[in-house]
Amino acid sequence: MDALVMCGGAGTRLDRGEKPLFEVGDEPMLTRVLDALEASRVDTIHAATSPHTPATGRLLERRDSIGVIETDGDGYVPDLTS
């Protein structure tokens, strides 16, 4: 089974930087999600980023087991279907 983590949103309502990097328990939310997926029965993990999330892209570059899909950042549905 494959997993797709959508992490390219602009996070305009958050007002604290990139949403995937928002810390929960002193750890970026995205890291917690990826760790849980890696510990699960998921075979392949993909993360969709966008120009809105450059720091998220850099975090993902350090995780060799995650496939990164770069989207245009036009919104959830357009990015999901691109």
Asker: Over all heavy atoms of both residues, which pair between D79 and D74 is shortest? Give the atoms and the distance, please.
Answerer: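 Of all heavy-atom pairs spanning D79 and D74, the closest is OD1-N, 3.1 Å.
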Asker: Counting N and O atoms only, with roles assigned by atom type, does the side chain of S50 sit under 3.5 Å from a partner on the main chain of G73, one being a donor and the other an acceptor?
Answerer: no
Asker: Can any side-chain N or O of T71 pair as donor or acceptor with the backbone N or O of T49 at less than 3.5 Å?
Answerer: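 Yes, because the side chain of T71 sits within donor-acceptor range (under 3.5 Å) of the backbone of T49.
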Asker: Give the cluster check for I66 versus V5: same hydrophobic cluster or not, with ILVMFWY residues linked at side-chain heavy-atom distances below 4.5 Å.
Answerer: yes
Asker: Let me confirm one number: the CG-CG distance from L37 to D43, rounded to the nearest 0.5 Å.
Answerer: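 Result: 11.5 Å between the selected atoms.
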Asker: Would you kindly confirm whether L4 and V68 end up in one hydrophobic cluster when ILVMFWY residues are joined by side chain heavy atoms under 4.5 Å apart?
Answerer: no
Asker: Any non-hydrogen side-chain atom of K19 less than 4.5 Å from a side-chain atom of T53?
Answerer: no
Asker: Please report the interatomic distance NE2(H52) to CG(D72), rounded to the nearest 0.5 Å.
Answerer: 9.5 Å
Asker: How far apart are the closest heavy atoms of A47 and L60, and which atoms are they?
Answerer: CB-CD1, 3.6 Å
Asker: E27 and D35: side-chain contact (heavy atoms from CB on, under 4.5 Å), yes or no, with the steps?
Answerer: CA-CA 11 Å; E27 188 174 21; D35 288 346; 3.5 Å; yes
Asker: Just verifying a value: how many Å separate I69 CD1 and M6 CE, rounded to the nearest 0.5 Å?
Answerer: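 Taking CD1 in I69 and CE in M6, the distance rounds to 8.5 Å.
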Asker: Minimum heavy-atom separation for P78 and G75, please, with both atom names.
Answerer: CD-O, 3.4 Å
Asker: To the nearest 0.5 angstrom, please state how far the CD1 atom of I45 sits from the CG atom of L34.
Answerer: 6.0 Å
Asker: Under 4.5 Å between any side-chain heavy atoms of C7 and E18, yes or no?
Answerer: no
